[in-house]
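A quick write-up on the structure given underneath.
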Protein chains: 2
Amino acid sequence: MTGLREERRGSLRLQDVAEAAGVSIATASRSLSGASGVSESVAERVRDVARSLGYVANVHARSLAAGTSRSVGLVVHEIGDPYFSEIASGVLHVAAPAGLTVQICHSGRDPERELEQIRTLVASRVGAIIVAGSGFVDPAVQAGAKADLQAFRAHGGRVAVIGRHHLGVDAVLPDNRAGGRAVAEHLLGLGHRRIAVVTGSRMLTTVADRLAGVEEAVTAAGLRFADVPVVEAEFTRQGGKQAAEQIIAEHPDVTAVLALNDDMAIGVLSVLRSRGVPVPESVSVVGFDDVAVAQDLAPSLTTVRLPMVEMGEKALQLALADPSARPRRRRVGHELVVRDSTAPPPA
Amino acid sequence: MTGLREERRGSLRLQDVAEAAGVSIATASRSLSGASGVSESVAERVRDVARSLGYVANVHARSLAAGTSRSVGLVVHEIGDPYFSEIASGVLHVAAPAGLTVQICHSGRDPERELEQIRTLVASRVGAIIVAGSGFVDPAVQAGAKADLQAFRAHGGRVAVIGRHHLGVDAVLPDNRAGGRAVAEHLLGLGHRRIAVVTGSRMLTTVADRLAGVEEAVTAAGLRFADVPVVEAEFTRQGGKQAAEQIIAEHPDVTAVLALNDDMAIGVLSVLRSRGVPVPESVSVVGFDDVAVAQDLAPSLTTVRLPMVEMGEKALQLALADPSARPRRRRVGHELVVRDSTAPPPA
DNA sequence: TTGAAAGCGCTAACAG
DNA sequence: CTGTTAGCGCTTTCAA
């Protein structure tokens, strides 16, 4: 009785399809995988039978036998963060039509955990791994991840990263430096001279690059970057709030706050509003990323737009493209979006 | 030469660990899986060897042999939507410590696609499936999904859904109806009598439930629900904008807009602001969900808080708990959060 | 073009 | 407590 066995596992096997179609299991396999070497008539019949039976191949058996799987892994810092959820959205949008499943995991901005997640993905024999979080300034921090990723590639795995990493693989690179410069120039152009910068950990390359752009602009404007207060906190809304409190306490004379991501800028706006500081009349605020809500805040946030969804799409496309000998880089544009949170400094 | 084979696949097999530790492959397996029946000293040695070798078990081989996998599937409408990314965050937060990987897929609010995604997950032999996202009022629409989910359960799979009722499985249920009532009562309590409701498709149970709550409150206040304009559009920010335009055109006398999710409310606020309509002075606006940014909008949004992260956590916990004969329901609380977007109607 | 059969790496009886 | 061995369901040579 075949019934029993079906009940045990719950689904048909290729063999059931093969029997029903009156062919061997090998032919059935070839028919369904679209491999050549089967007469079209037979192949079609097998596919019909499979469909009518509702057969779905066991992914694990297939992956085990073939050594690869039709799935990709995505490592983000935190999926609840809009920056990453938009990237994830982009990844999913190109994965689905390609018949790929996506495994998402959190690194929590911790290199250790990131390495752990990468290992898990490697063990899952995913076909590609996309690392979406910021890299770390210190290459040593990611040495482990780099080694694992290289080994993964050496065995046919595909890898792409978003943002600057020292990982030696294909990368989608937003121009954080030019973006930082642009947004700083915007404030300087409005006449601001006492600007405070609110930032996440400088260990993150994203932060380092954006900050370098800011420094360029400040220096080019004839100011000393050393005189610009740079307040470091968590790269989150909460961190932005904390930094804002500190600025209000220690640098009450600033006329503009430049936050290195929108999340922090939102935190800054929140504190200023609760303190009754009018934005942009008394203080201008800018962010970076242009997450979807930036335009709906009040005042709407001046920021630098990064095409997160597109970055996710590009990353997966890059990973899926024919492998290249040396790492490819896809730069994505940025765009200064001037909204209502900035104005000339108070007279 | 073992070297070759290692190169072919790229990683060590259990056998390599077993040899290095001088035990049989079975003992090695037991040691690593933490199964009983191995002396602790041997088990420890095996684990040490495995760790020093950097061994990671092949997930597919394991799943194939064991018939189950340490992974869960999560179906959301759209991961870029904050409502779902917060739920996903909750799911990931309980999955990771449990050693579970999470596969996320998009249904795009389309029952067909949803069914397709569920099938893919079943084929992946995930241990559990979590369906987040509203169900459909018409049970027939989801008959396919229900059948597949039941079959999946019958074969040992775990299932939990968030916020839907026609699937006959464990569910985490936000009290949409009571929430709708609460937020409508808030508006009525402030003295509003000309209220417009902005909603997504009424085919969604989420919408139907919230709307029913609103109707209860309106009726209890002695008004006729039929007199309340209900504008239907996409359940997104864009839909909210569209609905707002329509309300301004067709019902210029309303003093309050009740949007059935925050996303739509944000769209409404955006349109009102660009039209120069002061909120809450001329028109009050309320939303539903309390996505993270709701408190940072200006005016900050009065809404009903749903604990999305917690809902994600609970759903996975439910799915992971010992299976029960009949569907369990975990109700999660809601909380009216009064902020700055509501006030009494203009005199 | 088709089929038989040897694994893919691991788990889980079943022996010892 | 430990080892032997038969699969898990599929892909892929190798023959026919």
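For clarity, every value in this text was computed on a predicted model and none was experimentally measured. In what follows, chains carry the letters A, B, and so on, assigned in the order in which the sequence lines appear, proteins first and then strands, with residues in each chain numbered from 1.
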Q) Closer to the 5' end of DNA chain D via nearest nucleotide, is it A61(B) or V23(B)? A)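 With A61(B) and V23(B) compared, the 5'-side residue is V23(B).
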Grab the [atom1]-[atom2] distance between [X] and [N] for me, whole Å please.
| X | N | atom1 | atom2 | answer |
| --- | --- | --- | --- | --- |
| L64(B) | dA6(D) | CG | C1' | 13 Å |
| R62(B) | dG9(D) | CZ | C1' | 18 Å |
| R70(A) | dT11(D) | CZ | P | 12 Å |
| H60(A) | dG7(D) | NE2 | P | 21 Å |
| R13(B) | dC8(C) | CZ | P | 7 Å |
| D16(B) | dC8(C) | CG | C1' | 14 Å |
| L14(B) | dG3(D) | CG | C1' | 13 Å |
| E44(A) | dT2(C) | CD | C1' | 18 Å |

Q: Walk me through it: do R158(A) and R153(A) pass the test side-chain contact (heavy atoms from CB on, under 4.5 Å)?
A: CA-CA 6 Å; R158(A) 311 296 187 72; R153(A) 285 214 320 161; over 6 Å; no
**Q.** Within residues 24-33 of chain B: residues closer than 4.0 Å to DNA chain D (heavy atoms)
**A.** S24(B), A26(B), T27(B), R30(B)
May I ask you to decide if [Y]'s main-chain N or O and [X]'s side chain share a donor-acceptor pair within less than 3.5 Å?
| X | Y | answer |
| --- | --- | --- |
| H93(B) | E313(B) | no |
| H77(A) | S134(A) | yes |
| T205(A) | G135(A) | yes |
| D170(B) | R328(B) | yes |

Sidechain N-carboxylate O distance under 4.0 Å for [X], [Y]:
| X | Y | value |
| --- | --- | --- |
| D48(B) | R45(B) | no |
| E40(B) | R47(B) | yes |
| E19(B) | R13(B) | no |

Q) Taking DNA chain C as the partner, which of residues 46-58 of chain B come within under 4.0 angstrom of it by heavy atom? A)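 Within residues 46-58 of chain B, the residues near DNA chain C are Y55(B), A57(B), N58(B).
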Q. Does S39(B) put a side-chain nitrogen or oxygen below 4.0 Å from OP1 or OP2 of dT2(D)?
A.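 Answer yes for this pair, as a side-chain N or O of S39(B) is under 4.0 Å from OP1 or OP2.
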Q) Quick one: do the Q103(A) and S71(A) side chains pair a donor with an acceptor below 3.5 Å? A) no
